[in-house]
Amino acid sequence: MKYDFGVVKELKEGETRVSITPDVVAMLQSDGLSVLIESDAGVLSGFSNEDYINNGATVVKNAKEVWDNSKIIVKVKEPQESEYQYFRPDLIIFSYLHLAVEEKLTSELLKKKVTAIASEAIKTKDGQLPLLTPMSEVAGRLAVQMGANYLQSQNGGSGVLLSGVPGVQPGKVIIIGAGVVGFNAAQTAIGMGADVSIFDINPKKLVQIDGIYGTSIKTHYCNPAKITQEVPKADLLITCVLKPSHVAPKIVPEEVVKMMKKGSVIVDVAIDQGGIVETIDKVTTHSNPVFEKHGVIHYSVANIPGAVAHTSTLALTNATLPYLLKIADNGFINAIKKDYALEKGVNTYKGEIVKREVAQALDMKHSELSMLVGF
């Protein structure tokens, strides 16, 4: 028997989320769908094997059994190298993939002719990113929390309290990117009492933020001159420019980082897509999250929401469920024909890259999905 959905433990270092909750299992079961789960896959998110069993899932001891006996593998983060052995032509993987910076994974998906749906690329006609949004909300709020933590003296920071105290000025937070991450970071930083500035190239976003927060936040049109002028003033710099399925553009040059205050902190939320700060040349982990360069603390964890696994898992699975139901109820081909957003999430199909931006980033051949499936 092939189960409709399979869930395995996440193997990416520091990843503690799980892709399906017991409640979602119950909803899938009520729709006549089956779920196979690796033992203890949800433990780090606060869900026991018994929780899954009581809601109708089948729990097995090892990952291979799940991979081999599931039609659709639902993951949080991209498959790791040890999981490539399980790829096969009739398999669908539904996960955050970020293939524009994952050449080896992309090659394996193509070689094994796996259908890969990237959660971060699912996009509605009005430009919304329904599966990326909840994790961006979490990441934006956590970015400020993490930055405040590493500003503490015992963590190597400058010893600045973002809120300040009466008679002492608050810390300065600069946010580059006024999307979902940036908006949530600004909201959190303002709530903490920080002096907040936000940069973007979209005037409409800046107008929207100004309309909500007024003089509580300073808005800047983002250009190299403004970056050079303002970033060195930051106690905490949060960078969160997103171009879905593209490699992130480098916006903060090394020379500007050298001008920043000793003990200041950079949190690069865009590291999933390569990062926008020139001095961030590596991805860090929750167990070893920071490094120092030019006297500035750099935080470049690629799965920030994993730090709050329970909250993140609930937010993610609530957003994922409707798309899982569409694929299971209609079949993959009919589902992508009927749902524009889901079709936009498909990155690879039958050995072809069908996401133009990914193909361009990796300098590989691109095929139109519509030509392959006939619509």
Side-chain angles (χ1 to χ4, degrees), residues 3-29 31 33-49 51-53 55-60 62-80 82-83 86-87 91-99 105 109 114-122 129-136 138-139 272 302-328 332 342 345-347:
Y3 288 76
D4 294 295
F5 300 103
V7 177
V8 292
K9 291 179 185 175
E10 295 292 325
L11 299 184
K12 190 179 183 75
E13 186 176 352
E15 184 52 70
T16 52
R17 290 171 287 180
V18 65
S19 59
I20 289 180
T21 62
D23 285 350
V24 168
V25 170
M27 286 184 270
L28 293 171
Q29 278 282 119
D31 203 54
L33 303 169
S34 55
V35 183
L36 186 63
I37 296 186
E38 182 183 0
S39 180
D40 294 336
V43 167
L44 296 178
S45 293
F47 306 110
S48 67
N49 290 338
D51 292 331
Y52 285 104
I53 293 168
N55 282 280
T58 299
V59 175
V60 295
N62 63 76
K64 183 180 187 303
E65 193 169 349
V66 178
W67 281 95
D68 289 349
N69 294 287
S70 302
K71 298 174 185 176
I72 304 171
I73 292 290
V74 187
K75 287 179 52 59
V76 177
K77 295 300 289 182
E78 71 278 0
Q80 303 299 291
S82 63
E83 296 174 297
Y86 304 126
F87 291 180
L91 181 66
I92 296 174
I93 295 176
F94 195 128
S95 175
Y96 293 109
L97 294 171
H98 302 287
L99 294 185
L105 171 58
L109 292 169
V114 177
T115 297
I117 302 172
S119 300
E120 75 277 3
I122 291 177
L129 300 165
L131 297 194
L132 193 60
T133 294
M135 295 302 94
S136 295
V138 172
D272 270 340
N303 55 333
I304 293 175
V308 286
H310 187 74
T311 297
S312 297
T313 291
L314 290 171
L316 173 60
T317 56
N318 289 340
T320 305
L321 175 62
Y323 295 99
L324 300 183
L325 288 171
K326 286 174 184 176
I327 298 171
F332 172 74
L342 187 59
V346 183
N347 276 208

Partners passing ring-ring contact (aromatic ring centres under 6.0 Å, His included) against Tyr3 (at least two apart in sequence or in another chain): none
N/O donor-acceptor pairs under 3.5 Å from side chains in residues 303-311, not counting sequence neighbours:
unit_1: Asn303; atom_1: ND2; unit_2: Glu15; atom_2: OE1; d: 2.8
unit_1: His310; atom_1: ND1; unit_2: Ser45; atom_2: O; d: 2.7

Could you give the distance from OG1 (Thr21) to CE (Met27), rounded to the nearest 0.5 Å? 6.0 Å
Flag the pair Glu83 / Val8 as yes when at least one side-chain heavy-atom distance between them is below 4.5 Å, and no otherwise. yes
Partners meeting side chain to side chain donor-acceptor pair (under 3.5 Å) with Ser39 (sequence neighbours left out): Asn49
So CG of Leu129 and OG of Ser119: to nearest 0.5 Å the spacing works out to 11.5 Å
Can you list the residues that meet the salt bridge (Lys or Arg N to Asp or Glu O under 4.0 Å) rule with Asp68, with sequence neighbours excluded? Lys64
For Phe332, give me all partners under ring-ring contact (aromatic ring centres under 6.0 Å, His included), at least two apart in sequence or on another chain. Tyr349
Determine whether Val18 and Leu44 make a side-chain contact, defined as any pair of heavy atoms from C-beta on separated by less than 4.5 Å. no
Verify, without hydrogens or angle tests, whether Asn69 (side chain) and Trp67 (backbone) share a donor-acceptor contact under 3.5 angstrom. no
Tell me, please, which residues at least two apart from Ile53 pass side chain to side chain contact (heavy atoms under 4.5 Å, CB included). Val59
Cut-off 3.5 Å, no hydrogens considered: what does the side-chain donor-acceptor table look like for residues 70-78, sequence neighbours left out?
unit_1: Ser70; atom_1: OG; unit_2: Val66; atom_2: O; d: 2.7
unit_1: Lys75; atom_1: NZ; unit_2: Glu10; atom_2: OE1; d: 3.2
unit_1: Glu78; atom_1: OE2; unit_2: Lys12; atom_2: NZ; d: 2.8

If the condition is side chain to side chain contact (heavy atoms under 4.5 Å, CB included), which residues does Pro22 pass it with, not counting sequence neighbours? Phe47, Asp51, Tyr52, Asn55
Could you measure the distance from the CG atom of Leu324 to the CZ atom of Phe5? Nearest 0.5 Å is fine. 4.5 Å
Looking at Asp4 and Ser34, what are the two nearest heavy atoms and their distance? OD2-N, 2.9 Å
Pro322: side chain to side chain contact (heavy atoms under 4.5 Å, CB included) partners, not counting sequence neighbours: none
Which atom pair, heavy atoms only, marks the closest approach of Ser19 to Val7? OG-CG1, 3.5 Å
Identify the heavy atoms of Tyr96 and Glu120 that sit nearest to each other, and give their distance. CA-OE1, 3.2 Å
Nearest-0.5 Å distance, CG of residue Leu321 to CG of residue Leu316: 11.0 Å
Sequence neighbours left out, what passes side chain to side chain contact (heavy atoms under 4.5 Å, CB included) with Asp31? Give chain and number order. Leu33, Leu325, Asp329
Thr313 (side chain) donor-acceptor with Arg17 (main chain) under 3.5 angstrom: no
Identify the two heavy atoms, one from Ile37 and one from Ala57, that lie closest to each other, and give their separation to 0.1 Å. CD1-CB, 4.0 Å
For the CD1 atom of Ile93 and the OH atom of Tyr86, what is their distance to the nearest 0.5 Å? 12.5 Å
Side chain to side chain donor-acceptor pair (under 3.5 Å) pairs, two or more places apart, involving residues 315-327: Lys326-Asp339
Just jot down the side chain to side chain donor-acceptor pair (under 3.5 Å) partners of Asn62, sequence neighbours excluded, or say none. none
Apply side chain to side chain contact (heavy atoms under 4.5 Å, CB included) to residues Ile20 and Leu28 and explain how you reach the verdict. CA-CA 10 Å; Ile20 289 180; Leu28 293 171; 4.3 Å; yes
